[in-house]
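Note that ligands are numbered from 1 as they come in the structure, with each ligand's atoms numbered from 1 the same way.
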Amino acid sequence: MNTISIAIHGGAGTLIKGKMTPEKEMAYRNALQEALNVGYSLLESGASAIDAVEQAVVSLENTPLFNAGKGSVFTNAGTHEMDASIMEGKNLKAGAVSLITGIKNPISLAKQVMLKSEHVFLAGEGAMRFAKENGFGIENPEYFYDQFRYEQWQHIKDSDSFQLDHSDKKDSKFGTVGAVACDQNGNLAAATSTGGMTNKKWGRVGDSPMIGAGNYANNNTCAVSCTGSGEFFIRGVVAYDVSCLMEYKGYTLQQAADEVILNRILKIGGDGGLIAVDANGNVALPFNTEGMYRASRSSIGDEVVAIYK
Ligand code: ASP
């Protein structure tokens, strides 16, 4: 039996320490622990990596604490537009959706795109038609309402600026959730889901639903889910870059993940982090921000649930 492992994130660039209360910290940690347990117990019981990452992300999407699913930020129009993607490392199959509204669990829709459409990426109205045809219900806008995110949006809604979840100069917190896993058969998978950026407009799409940028899985190398300043992560093709460094240059998982997050992405001005696993039970969780909501567990290593460095 292969080593099993899972890592999850709830966004890089956390609340600055000064703004984090013990109660909030406990709530974040509990939510991370719960999602980790969901994914790990599935792997333990023999489930596939793709099912484990989907269900871990569903758990994160269902809490208002993170910017994905229920906790998605407000767009410039006062709506919630969500993006998600999922990828299976054994066959390089992938599914992605962007600009979707009212879907409780965007990651499950991305998975259905992978399984049931002959396509990889569906967006906007078409993605919504696909969702309805495949039995997805539509939540009322109230389901996604959160007072904190509403105030965040009110603060900047009449300006041209858009911002990563929570960010202002010193207090930058990116949203987005993700999971990566290796199952008992040595298969890898990655899943990423986000509400994007507060006050975004013009159908802005970040790296999260883009295969190779915010999400990637390949059994020969690694599974990766990213969080951070999406525009830079797209330009850096970050998730695939980690895989390439392993494949072409023989880097270990940790070396490749560190090189991309602590060097390459910084050089082009990007901040954020990623979670990654390989097929040997290794886990890497690098970030170049003050913190990243993260957790991991493997059958050969220690359990991690952490927020700051
Ligand atoms: N990468 C996401 C995006 O740009 C945001 C995030 O990770 O918080 O949409």
Check residues 245-252 and write down every donor-acceptor pair under 3.5 Å in which the side-chain atom is one partner and the other belongs to a residue at least two apart or another chain.
unit_1, atom_1, unit_2, atom_2, d
Thr252, OG1, Gln255, N, 3.1
Thr252, OG1, Gln255, OE1, 3.4

In terms of relative ring orientation, are Tyr28 and Tyr293 parallel, tilted or perpendicular, with 30° and 60° separating the classes? parallel

Expected list for residues 125-135: side-chain donor-acceptor pairs under 3.5 angstrom, two or more places apart:
unit_1, atom_1, unit_2, atom_2, d
Asn134, ND2, Phe130, O, 2.9

Candidates Val205, Thr176, Val177; heavy atom nearest atom 5 (C) of ligand 1 found on Thr176

So for Cys226 against ligand 1, with non-hydrogen atoms under 4.0 Å, the contacting part is neither

Taking only non-hydrogen atoms of Gly228 and a 4.0 Å limit, the atoms of ligand 1 in range are 1 (N), 2 (C), 4 (O), 5 (C), 6 (C), 7 (O)

Under 4.0 Å from one or more heavy atoms of Ser208, ligand 1 contributes atoms 1 (N), 2 (C)

Strictly under 4.0 Å, does any heavy atom of Gly214 approach an atom of ligand 1? no

Within 4.0 Å of some non-hydrogen atom of Thr227, the atoms of ligand 1 are 6 (C), 7 (O), 8 (O)

Looking at Leu274, Asp207, Asp83, the heavy atom closest to atom 1 (N) of ligand 1 belongs to Asp207

Ring-plane angle category for His80 and Phe74, please: parallel below 30°, perpendicular beyond 60°, tilted otherwise. tilted

Filtering Arg204, His9, Met197 for the heavy atom nearest atom 4 (O) of ligand 1 leaves Arg204

Is Glu231 close to ligand 1, meaning an N/O of one under 3.5 Å from an N/O of the other?
no

For Gly196, the ligand 1 atoms with a heavy-atom partner under 4.0 Å come out as 9 (O)

Between the CG atom in Leu60 and the OG1 atom in Thr192, the distance rounded to the nearest 0.5 Å is 11.0 Å

Exercise. Begin from the C-alpha positions of Lys70 and Glu61 and carry the test salt bridge (Lys or Arg N to Asp or Glu O under 4.0 Å) through to its verdict.
Key: CA-CA 6 Å; Lys70 185 166 176 54; Glu61 284 176 339; over 6 Å; no

So, the side chain of Asp83 versus the backbone of Gly196: is there a donor-acceptor pair under 3.5 Å, distance only?
-> no

